[in-house]
Amino acid sequence: MIVSPSLLAADFTRLGEEIDMINHSRADWLHLDIMDGVFVPNISFGFSVLESIAPICQKPMDVHLMIVEPEKFTDRLAKLGAAIMNVHCEACPHLHRNIQQIHDAGMKAAVTLNPGTPISMLEDVIADLDMVLLMTVNPGFGGQSFITHSLKKVRDLRQMITRTGSKALIEVDGGVNRHTAQQLAEAGVDVLVSGSYIFGAEKPKDVIESLKAL
(Lines give C-alpha, C1' and ligand atoms only; values in the text may rest on other atoms or scores of the structure.)
Protein backbone atom coordinates (compact mmCIF):
# COMPACT_ATOMS: atom_id res chain seq x y z
CA MET A 1 0.00 0.00 0.00
CA ILE A 2 1.17 3.52 -0.81
CA VAL A 3 0.84 5.85 2.20
CA SER A 4 0.58 9.64 1.86
CA PRO A 5 0.36 11.37 5.29
CA SER A 6 -1.70 14.56 5.19
CA LEU A 7 0.24 17.54 6.52
CA LEU A 8 -3.04 19.27 7.35
CA ALA A 9 -3.13 17.29 10.61
CA ALA A 10 0.46 18.08 11.60
CA ASP A 11 1.48 20.33 14.49
CA PHE A 12 2.37 23.54 12.65
CA THR A 13 4.32 24.85 15.63
CA ARG A 14 6.72 21.96 14.97
CA LEU A 15 6.48 21.82 11.18
CA GLY A 16 10.16 21.14 10.57
CA GLU A 17 10.13 18.26 13.04
CA GLU A 18 6.97 16.82 11.49
CA ILE A 19 8.54 16.90 8.01
CA ASP A 20 11.69 15.27 9.42
CA MET A 21 9.56 12.50 10.94
CA ILE A 22 7.94 11.84 7.55
CA ASN A 23 11.34 11.90 5.85
CA HIS A 24 12.59 9.17 8.18
CA SER A 25 9.41 7.08 8.01
CA ARG A 26 8.27 4.55 5.42
CA ALA A 27 5.71 7.01 4.05
CA ASP A 28 5.77 7.10 0.26
CA TRP A 29 4.51 10.64 -0.36
CA LEU A 30 3.51 13.77 1.56
CA HIS A 31 -0.08 14.91 0.95
CA LEU A 32 -0.59 18.69 0.89
CA ASP A 33 -4.14 20.08 1.02
CA ILE A 34 -4.48 23.60 -0.39
CA MET A 35 -7.86 25.21 0.41
CA ASP A 36 -9.07 28.62 -0.75
CA GLY A 37 -12.21 29.21 1.33
CA VAL A 38 -14.21 29.41 -1.92
CA PHE A 39 -14.35 25.91 -3.37
CA VAL A 40 -14.35 24.51 0.17
CA PRO A 41 -15.49 26.30 3.37
CA ASN A 42 -12.03 26.58 4.89
CA ILE A 43 -8.57 28.02 4.24
CA SER A 44 -5.49 25.89 4.90
CA PHE A 45 -2.07 27.06 3.71
CA GLY A 46 -0.62 28.40 0.50
CA PHE A 47 2.56 28.80 -1.48
CA SER A 48 4.59 30.42 1.29
CA VAL A 49 4.27 27.19 3.30
CA LEU A 50 4.90 25.03 0.22
CA GLU A 51 8.04 27.03 -0.56
CA SER A 52 9.28 26.41 2.99
CA ILE A 53 8.50 22.69 2.81
CA ALA A 54 9.88 21.92 -0.65
CA PRO A 55 13.62 22.20 0.17
CA ILE A 56 13.40 19.90 3.22
CA CYS A 57 10.79 17.37 2.09
CA GLN A 58 12.45 14.19 0.85
CA LYS A 59 9.19 12.53 -0.18
CA PRO A 60 7.32 13.21 -3.44
CA MET A 61 4.80 16.00 -2.88
CA ASP A 62 1.20 14.91 -3.51
CA VAL A 63 -0.52 18.31 -3.87
CA HIS A 64 -4.32 18.38 -3.61
CA LEU A 65 -5.81 21.68 -4.78
CA MET A 66 -9.26 22.27 -3.24
CA ILE A 67 -9.54 25.57 -5.07
CA VAL A 68 -11.25 27.27 -7.98
CA GLU A 69 -9.20 27.79 -11.15
CA PRO A 70 -6.37 25.41 -10.18
CA GLU A 71 -4.88 25.73 -13.66
CA LYS A 72 -3.47 29.14 -12.68
CA PHE A 73 -0.93 27.41 -10.43
CA THR A 74 0.23 24.52 -12.63
CA ASP A 75 3.60 26.00 -13.58
CA ARG A 76 4.25 27.29 -10.08
CA LEU A 77 3.69 23.86 -8.56
CA ALA A 78 5.94 22.26 -11.15
CA LYS A 79 8.74 24.71 -10.33
CA LEU A 80 8.40 23.82 -6.64
CA GLY A 81 9.00 20.19 -7.53
CA ALA A 82 5.53 18.77 -6.93
CA ALA A 83 5.29 15.19 -8.19
CA ILE A 84 1.48 15.01 -8.39
CA MET A 85 -1.03 17.79 -9.05
CA ASN A 86 -4.51 16.85 -7.97
CA VAL A 87 -7.49 18.96 -9.13
CA HIS A 88 -11.20 18.62 -8.40
CA CYS A 89 -13.47 17.49 -11.20
CA GLU A 90 -16.12 19.87 -9.82
CA ALA A 91 -13.78 22.89 -10.13
CA CYS A 92 -12.61 22.21 -13.70
CA PRO A 93 -15.06 22.86 -16.55
CA HIS A 94 -12.22 22.09 -19.00
CA LEU A 95 -10.94 18.99 -17.24
CA HIS A 96 -9.26 17.36 -20.25
CA ARG A 97 -7.28 20.55 -20.90
CA ASN A 98 -6.28 20.74 -17.23
CA ILE A 99 -4.95 17.17 -17.34
CA GLN A 100 -2.91 17.97 -20.44
CA GLN A 101 -1.46 21.08 -18.77
CA ILE A 102 -0.37 19.06 -15.73
CA HIS A 103 1.35 16.46 -17.89
CA ASP A 104 2.99 19.14 -20.05
CA ALA A 105 4.42 20.68 -16.86
CA GLY A 106 6.08 17.35 -16.01
CA MET A 107 3.82 16.26 -13.16
CA LYS A 108 1.49 13.31 -12.72
CA ALA A 109 -2.17 14.23 -13.18
CA ALA A 110 -4.79 13.29 -10.61
CA VAL A 111 -8.46 14.18 -10.38
CA THR A 112 -10.54 14.27 -7.21
CA LEU A 113 -14.22 13.45 -6.83
CA ASN A 114 -16.30 14.73 -3.91
CA PRO A 115 -18.56 12.22 -2.12
CA GLY A 116 -21.60 13.36 -4.12
CA THR A 117 -19.91 13.23 -7.53
CA PRO A 118 -20.39 9.98 -9.51
CA ILE A 119 -17.41 8.21 -11.05
CA SER A 120 -19.16 8.39 -14.43
CA MET A 121 -17.81 11.95 -14.65
CA LEU A 122 -14.41 10.41 -15.38
CA GLU A 123 -15.41 8.14 -18.27
CA ASP A 124 -13.91 10.38 -20.94
CA VAL A 125 -10.62 11.12 -19.15
CA ILE A 126 -9.86 8.00 -17.11
CA ALA A 127 -7.35 6.74 -19.70
CA ASP A 128 -5.35 9.98 -19.36
CA LEU A 129 -5.12 9.96 -15.57
CA ASP A 130 -2.31 8.80 -13.34
CA MET A 131 -4.56 8.76 -10.27
CA VAL A 132 -8.10 9.33 -9.03
CA LEU A 133 -8.65 10.63 -5.50
CA LEU A 134 -11.99 9.71 -3.96
CA MET A 135 -12.95 11.92 -1.04
CA THR A 136 -14.35 9.69 1.70
CA VAL A 137 -15.46 12.72 3.71
CA ASN A 138 -16.71 16.10 2.50
CA PRO A 139 -13.64 18.22 1.74
CA GLY A 140 -12.64 21.22 3.79
CA PHE A 141 -11.96 19.93 7.29
CA GLY A 142 -9.90 17.16 8.87
CA GLY A 143 -11.10 14.70 11.49
CA GLN A 144 -14.47 13.82 9.89
CA SER A 145 -16.15 10.42 9.96
CA PHE A 146 -15.70 8.04 7.05
CA ILE A 147 -18.60 7.85 4.55
CA THR A 148 -19.27 4.10 4.27
CA HIS A 149 -20.83 4.35 0.77
CA SER A 150 -17.31 5.18 -0.40
CA LEU A 151 -16.43 1.48 -0.35
CA LYS A 152 -18.87 0.77 -3.18
CA LYS A 153 -17.52 3.78 -5.06
CA VAL A 154 -13.98 2.39 -4.78
CA ARG A 155 -15.11 -1.00 -6.10
CA ASP A 156 -16.99 0.63 -8.99
CA LEU A 157 -13.98 2.78 -9.88
CA ARG A 158 -11.73 -0.29 -9.81
CA GLN A 159 -14.07 -1.94 -12.33
CA MET A 160 -13.95 1.15 -14.57
CA ILE A 161 -10.15 1.23 -14.47
CA THR A 162 -9.95 -2.48 -15.35
CA ARG A 163 -12.55 -2.15 -18.11
CA THR A 164 -10.87 0.83 -19.77
CA GLY A 165 -7.29 -0.36 -19.36
CA SER A 166 -6.41 2.79 -17.44
CA LYS A 167 -3.21 2.82 -15.38
CA ALA A 168 -4.71 5.19 -12.81
CA LEU A 169 -4.13 4.53 -9.12
CA ILE A 170 -7.01 4.87 -6.66
CA GLU A 171 -6.32 7.20 -3.74
CA VAL A 172 -8.70 7.91 -0.86
CA ASP A 173 -8.74 10.73 1.66
CA GLY A 174 -10.89 11.13 4.76
CA GLY A 175 -11.58 9.15 7.89
CA VAL A 176 -8.76 6.68 7.26
CA ASN A 177 -7.90 4.71 10.39
CA ARG A 178 -7.02 1.13 11.30
CA HIS A 179 -10.54 -0.16 10.66
CA THR A 180 -11.44 1.78 7.49
CA ALA A 181 -7.97 1.30 5.98
CA GLN A 182 -8.44 -2.47 6.01
CA GLN A 183 -11.84 -2.14 4.32
CA LEU A 184 -10.45 0.22 1.71
CA ALA A 185 -7.54 -2.09 0.95
CA GLU A 186 -9.94 -4.97 0.40
CA ALA A 187 -12.07 -2.78 -1.90
CA GLY A 188 -9.10 -2.10 -4.18
CA VAL A 189 -7.45 1.14 -3.03
CA ASP A 190 -3.80 1.79 -3.98
CA VAL A 191 -3.04 4.93 -1.93
CA LEU A 192 -4.17 5.89 1.58
CA VAL A 193 -4.13 9.52 2.68
CA SER A 194 -4.28 9.78 6.45
CA GLY A 195 -3.95 12.82 8.68
CA SER A 196 -5.20 12.67 12.25
CA TYR A 197 -4.66 8.92 12.52
CA ILE A 198 -0.96 9.35 11.75
CA PHE A 199 -0.02 12.72 13.24
CA GLY A 200 -2.17 12.22 16.34
CA ALA A 201 -0.56 8.88 17.17
CA GLU A 202 1.97 8.38 19.94
CA LYS A 203 4.21 6.55 17.45
CA PRO A 204 3.31 7.88 13.98
CA LYS A 205 6.05 5.91 12.21
CA ASP A 206 4.53 2.68 13.52
CA VAL A 207 1.10 3.74 12.23
CA ILE A 208 2.59 4.43 8.82
CA GLU A 209 4.24 1.02 8.90
CA SER A 210 0.92 -0.67 9.71
CA LEU A 211 -0.81 1.07 6.80
CA LYS A 212 2.02 0.12 4.44
CA ALA A 213 1.50 -3.55 5.36
CA LEU A 214 -2.10 -3.64 4.12
If you take all heavy atoms of [X] and [Y], which pair is closest and at what distance?
| X | Y | value |
| --- | --- | --- |
| Phe146 | Gly175 | CB-O, 3.8 Å |
| Glu90 | Thr112 | OE1-O, 3.7 Å |
| Ile67 | Ile34 | CG2-O, 3.6 Å |
| Leu8 | Ser44 | CD1-CB, 3.8 Å |

How many angstroms lie between [atom1] in [X] and [atom2] in [Y], if you round to the nearest 0.5 Å?
| X | Y | atom1 | atom2 | answer |
| --- | --- | --- | --- | --- |
| Gln182 | Leu192 | CD | CG | 10.0 Å |
| Ser25 | Gln58 | OG | CD | 10.5 Å |
| Thr162 | Leu157 | OG1 | CG | 9.0 Å |

Any sub-3.5 Å donor-acceptor pair from [X]'s side-chain atoms to [Y]'s backbone N or O?
| X | Y | result |
| --- | --- | --- |
| Ser194 | Val176 | yes |
| Lys205 | Ala27 | no |
| Lys153 | Pro118 | no |
| Lys59 | His31 | no |
| Asp190 | Ile170 | yes |
| Thr164 | Met160 | yes |

>> Using the rule given for salt bridge (charged side-chain N to carboxylate O under 4.0 Å, His left out), can you reason through Lys152 versus Asp156, listing the C-alpha separation, both sets of side-chain angles and the distance that settles it, and then say yes or no?
In response: CA-CA 6 Å; Lys152 180 182 183 302; Asp156 290 345; 2.6 Å; yes
Side-chain touch [X]/[Y], heavy atoms, less than 4.5 angstrom:
| X | Y | answer |
| --- | --- | --- |
| Val193 | His64 | no |
| Leu50 | Leu77 | yes |
| Ile198 | Ile208 | yes |
| Pro204 | Val207 | no |
| Asn114 | Asn138 | no |

>> Using the rule that Ile, Leu, Val, Met, Phe, Trp and Tyr join whenever any side-chain heavy atoms are under 4.5 Å apart, tell me whether Leu80 and Leu65 fall into a single cluster.
In response: yes
>> When you compare the side chains of Asp130 and His103, does any donor N or O come within less than 3.5 Å of an acceptor on the partner?
In response: yes
>> On the six-membered ring of Tyr197, is Arg178 placed so that its NZ or CZ lies under 6.0 angstrom from the centre and within 45° of the ring axis?
In response: no
> Asp62 and side chain to side chain contact (heavy atoms under 4.5 Å, CB included): which partner among Asp33, Leu30, Ile84?
Replying inline: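 For Asp62, the side chain to side chain contact (heavy atoms under 4.5 Å, CB included) test succeeds with only one of Asp33, Leu30, Ile84, which is Ile84.
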>> Classify the ring geometry of Phe12 against Phe45: parallel below 30°, tilted from 30° to 60°, perpendicular beyond 60°.
In response: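 Taking Phe45 first and then Phe12, their aromatic rings sit tilted (interplane angle of 30° to 60°).
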>> Any salt bridge linking Arg163 with Glu123? Criterion: basic side-chain nitrogen under 4.0 Å from a carboxylate oxygen.
In response: yes
